[in-house]
Amino acid sequence: MEEQLLTAYLCFWLAVLGAVLGSFLDCAASRWAAGDPHPFRGRSRCGSCGHTLGARDLVPVFSFLLRRGRCRWCGEAIPARCLVSELAGAAAFLCLGLRFGLSLELGQWFAFAALLLALSLTDWAARILPDKLLLLLAANRAVWFFVLGHGVREGLEAAKAFA
Ligand SMILES: [Zn+2]
């Protein structure tokens, strides 16, 4: 019973972590698609009215549902992509946590999932798969091959597969 409670507790926090990451990546992808030279800087704002969003506007999934997908300040619809990115991040981290447990290998797949989510969101926002993200994907795979104890040749072959 205790083990099941611990698993449920960890699953909850993995889903929260994934949702927060999904929200962050969606925000960065949207800013990047809009031509913002610093997509990781600055506080979150409403895409319609520009109002700075507070903590209660930024709780992944719940803020969207409580506000029925509308901005608290101007009432404009929040893009569905925001909710989808949060749910996708939560589902990815939850599934990976259940599959790999708390292990070093889990770190590899978290990074992999985050990069794939970032690629999906930039594709959705601007129909572009940035080369930098593709290179990061290859580098991530190669680095984790070494970290997880695989050989040099296998690491290079894995990186080539993504290049
Ligand atoms: Zn607004």
Side-chain angles (χ1 to χ4, degrees), residues 5-103 105-141 143-144 162-163:
L5 281 174
L6 180 63
T7 300
Y9 179 78
L10 290 174
C11 286
F12 171 77
W13 285 109
L14 286 176
V16 169
L17 181 66
V20 169
L21 181 75
S23 179
F24 173 76
L25 291 174
D26 177 56
C27 178
S30 299
R31 289 177 180 182
W32 176 81
D36 187 334
H38 306 290
F40 297 107
R41 278 196 209 158
R43 300 208 33 206
S44 295
R45 297 177 183 279
C46 170
S48 298
C49 66
H51 199 285
T52 300
L53 302 177
R56 62 182 172 164
D57 302 313
L58 297 171
V59 179
V61 181
F62 292 102
S63 291
F64 187 96
L65 296 176
L66 285 175
R67 303 273 173 229
R68 296 183 180 152
R70 300 204 167 270
C71 171
R72 179 161 57 111
W73 305 100
C74 67
E76 282 296 314
I78 299 169
R81 192 180 67 238
C82 297
L83 179 63
V84 171
S85 64
E86 292 166 359
L87 291 174
F93 274 34
L94 180 61
C95 290
L96 290 171
L98 289 172
R99 170 65 180 83
F100 294 102
L102 291 179
S103 64
E105 198 173 7
L106 183 62
Q108 170 188 222
W109 295 112
F110 274 178
F112 192 66
L115 288 168
L116 286 180
L117 186 56
L119 276 169
S120 301
L121 291 169
T122 56
D123 188 24
W124 192 348
R127 301 284 183 255
I128 293 174
L129 297 175
D131 290 342
K132 287 180 183 174
L133 283 178
L134 292 171
L135 287 171
L136 276 174
L137 199 61
N140 173 64
R141 189 72 178 127
V143 166
W144 280 101
F162 288 101

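Remember, it's 1-based here, ligands and their atoms both numbered in the order they're listed. Throughout, numbering of the chain's residues begins at 1 and tracks the sequence.
- Side-chain contact check for L87 versus F64: every heavy-atom pair is 4.5 Å or farther apart.
- Interatomic distance, CG of L83 versus CG of L65, reported as 6.0 Å (0.5 Å rounding).
- Residue-environment remark: CZ (R67) exceeds the threshold of 12 foreign heavy atoms within 6.0 Å.
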*Check the pair W124, V84 against side chain to side chain contact (heavy atoms under 4.5 Å, CB included), reporting the backbone distance first and the verdict last.*
CA-CA 11 Å; W124 192 348; V84 171; 3.7 Å; yes

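- Residues P130 and L119 are in side-chain contact: their nearest non-hydrogen atoms beyond the backbone lie under 4.5 Å apart.
- For the Zn ion (ligand 1), protein N/O/S neighbours under 2.8 Å (waters excluded) are C46 SG, C49 SG, C71 SG, C74 SG.
- Put simply, the side chain of D26 does not reach to within 4.5 Å of the side chain of E86, judged on heavy atoms.
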